[in-house]
Each structure stands twice: as C-alpha cells, then as structure tokens.
Amino acid sequence: MQDLLYELAISTAEVASVMLVDKRPADLGVAYTKSSSTDVVTEMDKASERLIVDRIRAARPGDAFLGEEGGESGGSSGVRWIVDPIDGTVNYLYGLPDWSVSIAAEVDGEVVVGVVAVPMRGELYTAARGQGAHLMREDGSSERLRCNTGVSLDKALVATGFGYSAERRAHQAESLMGVLPRVRDIRRGGSAAVDLCSVAAGRIDAYYERGPQEWDFAAGTLIVQEAGGTVGGLHGTPPSAELTIAAGPDLFPPLHDLLDEVGAARG
Ligand code: LIP
C-alpha cells in the first residue's frame with residue numbers, strides 16, 4: 001500500500017504543479033484573506049486543492065483529507081491525506097519562485113509518504129518511511145538526500161518564517177534577535193515545505209518556525225527524517241504550530257536549547 005500511496009502522491013503533485021504554472025492568470029489577485037489582511041488566498045490555491053482532492057478521491061474513495069483551504073473531510077480507510085495546495089502563497093502571488101505543492105499520506109495516524117513539488121526549480125522531493133528521501137529533477141536525474149552533519153551552532157545557516165499577525169511577528173522578531181548573533185546567518189524563503197526540503201538536501205543546516213500548520217510541515221518533516229535529520233518541537237514534543245524545528249542530528253540539541261532560551265515557542 002505504501003508504494004501505491006507514494007506513486008499517487010507523486011503523480012498528483014506533478015499534475016497540480018503543471019496546472020499552477022500553465023494556468024496562472026497574468027493578473028492573479030487575492031480572492032480573499034483568512035487570519036489577517038496579509039494571510040491571502042488566491043483562486044489558484046482553491047483550484048489546486050480541488051484538483052488534488054478530486055484526483056486522489058477518484059483513486060481512493062474511502063480516504064480522509066486535511067487541506068489548508070478545505071479543512072478536514074472524513075473517510076473510513078485509515079488513510080488521511082494532508083494537503084497544502086500552494087505552500088508559499090505570497091511568493092506565488094508575487095511571482096517569486098519558492099512556492100510548492102505539499103502532499104503527505106498518513107496511515108493510522110503515522111505519516112508514511114511525503115512529496116513536495118517545487119515547479120519553478122523543476123524539483124520534486126519525495127520520501128517514503130524507511131525508504132529514504134530523494135530529489136528528482138525535470139531532466140530525469142535524481143539523487144538520494146542526506147542532511148548536513150557536524151555543523152556547530154555558530155556556523156549554522158538557519159531558515160525561519162513569520163506569521164500573519166503583527167503581534168506574532170513582533171514576538172518572532174524578538175526571539176530572532178536572540179538567535180541571529182548565535183548562528184552563521186538566517187534565510188527567509190517563504191515556504192516551510194521548501195525550507196524543510198532544503199534542510200534534507202543540505203542546502204541549509206536547519207529550519208525553525210512558530211506557527212506552521214500540519215499541511216505546511218507534514219510532508220517536509222518526513223523528507224528531513226528520511227534524509228537522516230531530526231525534527232520536533234521543544235522538550236521531546238512532535239513538530240507542531242507551537243514550534244517546528246528541523247536540523248541534522250548533532251545540530252538539533254544546541255539549536256533546540258537556544259530556541260528554548262530565547263522563547264521561540266512563545267507569543
Ligand atoms: C507559509 C509558510 C511559511 C510561513 C508563511 C506561511 P502558506 O504558508 O509556508 O513558512 O512563514 O507565513 O504560513 O500560508 O503560504 O501556505
């Protein structure tokens with residue numbers, strides 16, 4: 001079954017990616033906003049989620065879904081799909097390249113398949129539990145992913161992100177002031193799923209953020225784990241909206257302690 005879910009996630013992410021690139025209106029605008037005036041949704045977020053859910057449901061009518069735009073919808077098969085139709089919507093709206101389609105499949109509460117498509121880079125990141133993580137490129141080449149190891153905190157290149165409320169951003173800026181002098185540098189890409197795949201690919205050493213939802217990190221965290229990395233929140237908790245951290249196994253503990261010290265899970 002895991003192989004079937006894996007193939008379905010890959011083909012569905014590819015179809016959604018083609019639609020998001022080929023059918024993006026030149027005058028794309030904001031359809032509506034959610035938690036704040038900067039938390040935007042475009043017609044393409046809705047169209048992508050509809051395409052993904054309809055395509056998977058046609059193949060597997062009994063499965064459940066959690067989608068960023070459509071929320072939860074039930075099923076009886078024990079399989080749940082966790083879908084972010086466009087992760088990095090603001091990047092997509094502005095025509096920046098770092099947006100992605102993120103699809104994870106969960107069996108009996110455990111994520112076993114994760115796929116993140118980054119169409120503007122021609123890249124598809126995939127992982128199946130126990131099978132490793134891979135990067136497939138448009139030119140047909142692919143490679144097995146291994147995250148960076150042996151990186152000390154002061155030499156770590158760390159990605160992070162900020163929420164959609166002014167109050168949350170003020171807290172995130174405060175904890176960032178504590179982080180910045182203690183690491184090599186910070187990157188703000190705009191898509192949690194892309195950032196997590198960059199950790200898996202060794203393009204950055206770590207990622208942390210307060211606020212990402214399950215659909216932002218479900219696929220990416222499996223890809224990091226299958227690339228040899230560690231993911232979690234504070235004090236042994238799993239990744240969550242409270243705080244999501246991803247890093248190489250030796251960098252995770254000192255980064256965890258720094259984030260705890262600067263209050264990154266507060267506010
Ligand atoms: C985005 C996340 C990103 C975060 C943004 C936003 P969206 O998700 O991927 O990490 O910093 O604020 O939440 O809203 O584009 O799906």
Side-chain angles (χ1 to χ4, degrees), residues 87-88 98 100 102 104 111 114 116 118 121 123 125-135 143-163 171-214 216-267:
D87 188 47
D98 271 356
S100 60
S102 178
V111 173
V116 174
V118 190
R121 292 192 193 175
E123 295 181 336
Y125 295 84
T126 72
R129 195 162 289 281
Q131 314 288 321
H134 296 83
L135 165 57
E143 63 179 278
R144 176 142 188 178
L145 297 177
R146 303 296 307 163
C147 67
N148 295 340
T149 56
V151 181
S152 59
L153 187 60
D154 64 327
K155 295 288 181 301
L157 186 61
V158 179
T160 192
F162 310 107
H171 280 285
Q172 289 171 320
E174 240 176 73
S175 49
L176 182 59
M177 282 207 309
V179 171
L180 208 44
R182 308 269 290 277
V183 298
R184 174 192 296 276
D185 204 350
I186 289 287
R187 292 291 179 268
R188 195 319 187 222
S191 162
V194 175
D195 288 339
L196 288 162
C197 292
S198 297
V199 172
R203 290 183 183 159
I204 55 175
D205 302 307
Y207 159 82
Y208 78 91
E209 187 169 358
R210 176 166 170 74
Q213 302 297 313
E214 219 180 329
D216 295 311
F217 63 71
T221 47
L222 179 68
I223 293 168
V224 170
Q225 289 174 307
E226 289 296 323
T230 303
V231 300
L234 291 184
H235 312 305
T237 56
S240 72
E242 185 183 281
L243 190 65
T244 290
I245 312 169
D250 42 8
L251 178 58
F252 188 95
L255 178 60
H256 167 281
D257 297 351
L258 171 59
L259 294 171
D260 193 14
E261 179 194 323
V262 300
R266 287 203 296 273

For [X] and [Y], work out which heavy atoms get closest and say how close.
X      : Y      : value
Ala104 : Ala218 : CB-CB, 3.7 Å
Val151 : Ala156 : CG1-CA, 3.8 Å
Leu258 : Gly178 : CD1-O, 4.1 Å
Glu209 : Thr160 : CA-OG1, 4.2 Å
Val231 : Pro239 : CG2-CG, 3.9 Å

Do the side chain of [X] and the main chain of [Y] share a donor and acceptor less than 3.5 angstrom apart?
X      : Y      : value
Asp98  : Gly189 : no
Glu226 : Gly130 : yes
Gln172 : Gly163 : yes
Ser102 : Val116 : no
Arg210 : Leu243 : no

Report yes if the side chains of [X] and [Y] come closer than 4.5 Å at any heavy-atom pair, otherwise no.
X      : Y      : answer
Ile223 : Val199 : no
Val183 : Leu153 : yes
Glu143 : His134 : no
Arg187 : Arg203 : no
Leu259 : Ser175 : no
Leu176 : Tyr208 : yes
Asp205 : Val158 : no

For the [atom1] atom of [X] and the [atom2] atom of [Y], what is their distance to the nearest 0.5 Å?
X      : Y      : atom1 : atom2 : value
His235 : Asp260 : NE2   : CG    : 3.5 Å
Asp195 : Phe217 : CG    : CZ    : 14.0 Å
Leu196 : Cys147 : CG    : SG    : 12.0 Å
Leu222 : Tyr125 : CG    : OH    : 15.0 Å
Lys155 : Asn148 : NZ    : CG    : 14.5 Å
Asp216 : Asp87  : CG    : CG    : 4.5 Å

